[in-house]
There are 2 protein chains.
Amino acid sequence: MDNSAETGEKKKAKRVASERVLQRDPERTKAAILEAATREFAENGMGGARVDAIAERAGTNKRMLYHYFGDKEQLYLRVLEEAYVGIRTAERALHIGDRSPEEGIGELALFTWRYFLKHPEFLSLLGTENLHRARWLRQSVRLKELHSHLIGELARVLERGKKEGVFIENADPLHVYLTIASLGYFYLSNQHTLSTIFGRELIEPSNLDSWEQHIVHVTLASIKR
Amino acid sequence: MDNSAETGEKKKAKRVASERVLQRDPERTKAAILEAATREFAENGMGGARVDAIAERAGTNKRMLYHYFGDKEQLYLRVLEEAYVGIRTAERALHIGDRSPEEGIGELALFTWRYFLKHPEFLSLLGTENLHRARWLRQSVRLKELHSHLIGELARVLERGKKEGVFIENADPLHVYLTIASLGYFYLSNQHTLSTIFGRELIEPSNLDSWEQHIVHVTLASIKR
DNA sequence: CCATCAAGTAACCGTTTAGTTACTGGCTTG
DNA sequence: CAAGCCAGTAACTAAACGGTTACTTGATGG
């Protein structure tokens, strides 16, 4: 492989790309398929999603989808992986260890809730993946180390809180994260059945604010000394 | 093949009027279809469930399914309705108002967790129904009044707790129920992705016990004065 | 400027799907 | 015990599905 020639190619391609919209652009097509697939899988689940629908939403056709992603299952896994990378990347940027332990935990709770609220497709994808007992996620090699960071940083914040005497001694990082995620996930992912059976629109702004406060309150109440 | 012996058996079965197993039994067939459908919809979702699979699981064939339930969607709604009736009926039998407010709430939390644990198909059905924005549940006329009882009794217990000075003044019955349900639902319905990404088997008995305690603790901590 | 190769298209294929038709045979009632 | 109704069967259909084949078109290095 000729490196200098390749970089030359790339430079030219980039320059051309910035000057006008290429009629043929692999990266753009790939991204369009991935985005369309995310929506289709989120709205209909793995079983209900239609390959034709994804191609149409992406403004391309099935052949490209199979060309870039192999088949429906591999495309689905890519969508799922990207979704996890999305939330974990944003989460890292929080640096919850930079503040007081209480503020750090409160910050994580707020972030998680608001991320779930802004990314309903992430919740749907989790739902459909769990329906299938994490059949595809299990095959993913990319995602194991992505999550150790979260629990690690959370554990450090809790330790500091214990030393400062503000948190109870048996506060568990996994339990704290599960508590935060539970309260956000259930409220949003089950909003439709809940609103129906209880006759109250859970998605209404005042109810959302009220639940946001509740999550922070409950999370801290569960670990405060 | 011994024909006379076979017909003899059949006639005998006919004559034992009250205890005989009918070869043709609408109620038994209906029940078998409903149970098979519950499993199939829970395992594969509304989009992934196969009508042929339901018929085979029920030990009958498609024609009967369409005969008794109309079509796939109506069968699915029946399954969903029965699932709700199941949990709400068991819930009523608790009579959480008969004990002290604290015990009543703790009892409800324990019951909900253990019911979810024993009925994973209920959680799956909720998941698939919410994926479709409660499209079918909304059409159900049977279920509205089934739930007012729960919130009503919960509100009464909370009021008593407030008067006795053990609960905070702004404890909200809906929030309390959502808290309990959230912590149970998320842990169980998302156990597969969670176990995968965190590398810990959430379904292990010791972890289940630990989370059960956590739910009761968190619920009470969130409303205790 | 043109040969080449990847990007892109559309029509097609075998299979699976929800739903139907035409039929058989067991149960009840008069 | 005959008659008819209804539970139950199996083979079928049209449409939809995931995936493929045969082909065209446009960008680009030599």
Side-chain angles (χ1 to χ4, degrees), chain A residues 1-33 36-37 40-41 44-77 136, chain B residues 3 6-18 20-34 36-37 40-41 44-77 136:
Chain A
M1 200 166 291
D2 189 346
N3 270 337
S4 60
E6 200 186 32
T7 46
E9 265 182 354
K10 276 186 181 173
K11 269 187 180 177
K12 192 175 181 184
K14 266 188 182 175
R15 203 186 63 226
V16 172
S18 61
E19 282 169 2
R20 62 194 162 99
V21 178
L22 287 171
Q23 293 180 11
R24 309 194 149 186
D25 186 339
E27 290 313 310
R28 191 188 38 168
T29 304
K30 263 175 99 162
I33 292 172
E40 177 72 11
F41 284 124
N44 303 102
M46 171 63 184
R50 298 293 158 239
V51 171
D52 294 87
I54 295 171
E56 201 189 326
R57 285 180 124 151
T60 177
N61 65 50
K62 272 198 291 189
R63 181 68 186 77
M64 290 294 94
L65 190 155
Y66 286 97
H67 183 246
Y68 289 123
F69 296 97
D71 61 12
K72 188 186 179 184
E73 300 197 11
Q74 289 178 66
L75 174 59
Y76 168 76
L77 180 54
W136 289 280
Chain B
N3 271 337
E6 201 179 56
T7 46
E9 265 185 39
K10 278 181 187 173
K11 278 187 178 176
K12 191 180 175 185
K14 258 189 193 173
R15 288 199 192 93
V16 189
S18 59
R20 75 183 168 188
V21 177
L22 288 171
Q23 292 180 8
R24 310 198 146 188
D25 186 340
E27 289 313 310
R28 192 188 36 163
T29 304
K30 264 175 97 163
I33 292 173
L34 211 53
E40 177 73 10
F41 283 124
N44 303 102
M46 171 63 183
R50 296 293 159 242
V51 172
D52 295 87
I54 294 170
E56 200 189 326
R57 285 181 124 152
T60 178
N61 66 50
K62 272 196 293 189
R63 181 67 186 78
M64 291 294 92
L65 190 156
Y66 286 98
H67 184 244
Y68 289 123
F69 295 97
D71 60 13
K72 188 185 180 184
E73 300 198 10
Q74 288 177 67
L75 174 59
Y76 168 76
L77 180 55
W136 290 280

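A, B, ... follow the sequence lines: proteins, then strands. Residue 1 opens every chain.
A donor-acceptor pair under 3.5 Å is absent between the side-chain atoms of B:Lys30 and the main chain of B:Phe69, judged by distance alone.
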Would you tabulate the pairs of protein nitrogen or oxygen atoms and nucleotide nitrogen or oxygen atoms of nucleotides 12-15 of chain D closer than 3.5 angstrom?
none

Could you pull out the protein-nucleic contacts involving nucleotides 15-17 of chain C (nitrogen or oxygen on both sides, under 3.5 Å)?
from   : atom 1 : to      : atom 2 : distance (Å)
C:dT17 : OP1    : B:Arg50 : NE     : 2.9
C:dT17 : O3'    : B:Arg50 : NH1    : 3.4

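Comparing A:Gly59 and B:Met46 by the nucleotide of DNA chain C whose heavy atom lies nearest to each, the residue mapping closer to the 5' end is A:Gly59.
The separation between A:Arg63 atom CZ and D:dA22 atom P is 12 Å, rounded to whole Å. Protein atom CZ of A:Phe69 is 16 Å distant from nucleotide atom P of D:dG18, rounded to whole Å. For the pair A:Glu73 CD and D:dC17 P, the computed distance is 17 Å after rounding to whole Å. The CE atom of B:Met64 sits 13 Å away from the C1' atom of C:dA22 (whole-angstrom rounding). With rounding to whole Å, B:Leu65 atom CG is found 14 Å from D:dA7 atom C1'. Separating the OH atom of B:Tyr66 from the P atom of D:dA10 is a distance of 17 Å, rounded to the nearest angstrom. The interatomic distance linking A:Glu56 (CD) with C:dG8 (P) rounds to 17 Å, in whole Å. The distance from atom CD of B:Glu27 to atom P of C:dC27 is 16 Å, rounded to the nearest whole Å.
In this structure, CG in B:Asn44 is found 12.0 Å from CE in A:Met46, a value given to the nearest 0.5 Å. In this structure, B:Thr29 OG1 and B:Asn61 CG are separated by 10.0 Å, a value rounded to the nearest 0.5 Å. Here CD of A:Gln74 is found 11.0 Å from CG of A:Leu65. Values are rounded to the nearest 0.5 Å.
Residue B:Glu73 places its CD atom among more than 12 non-hydrogen atoms of other residues, nucleotides or ligands, all under 6.0 Å distant.
Between B:His67 and D:dA7 there is a side-chain polar atom (N or O) within less than 4.0 angstrom of OP1 or OP2. An OP1 or OP2 oxygen of C:dG8 is reached within less than 4.0 angstrom by no side-chain nitrogen or oxygen of A:Asn61. Regarding contacts with the backbone of C:dG8, a side-chain N or O of A:Tyr68 is found under 4.0 angstrom from either OP1 or OP2. The side chain of B:Thr60 places no N or O atom within less than 4.0 Å of a non-bridging phosphate oxygen (OP1 or OP2) of D:dA7. For the OP1/OP2 pair of D:dG8 and a distance below 4.0 Å, the side-chain nitrogens and oxygens of B:Thr29 include at least one atom meeting the criterion.
Closest heavy-atom contact between B:Glu40 and B:Ala49: OE2-CA, 3.5 Å. In this structure, B:Ala32 and B:Ala58 approach most closely via the heavy-atom pair O-CB, 3.5 Å.
Side-chain contact between A:Ile54 and A:Phe41 is present, with heavy atoms from C-beta onward closer than 4.5 Å. Inter-residue side-chain proximity for B:Tyr66 and B:Val51 is flagged as met; some heavy-atom pair is nearer than 4.5 Å.
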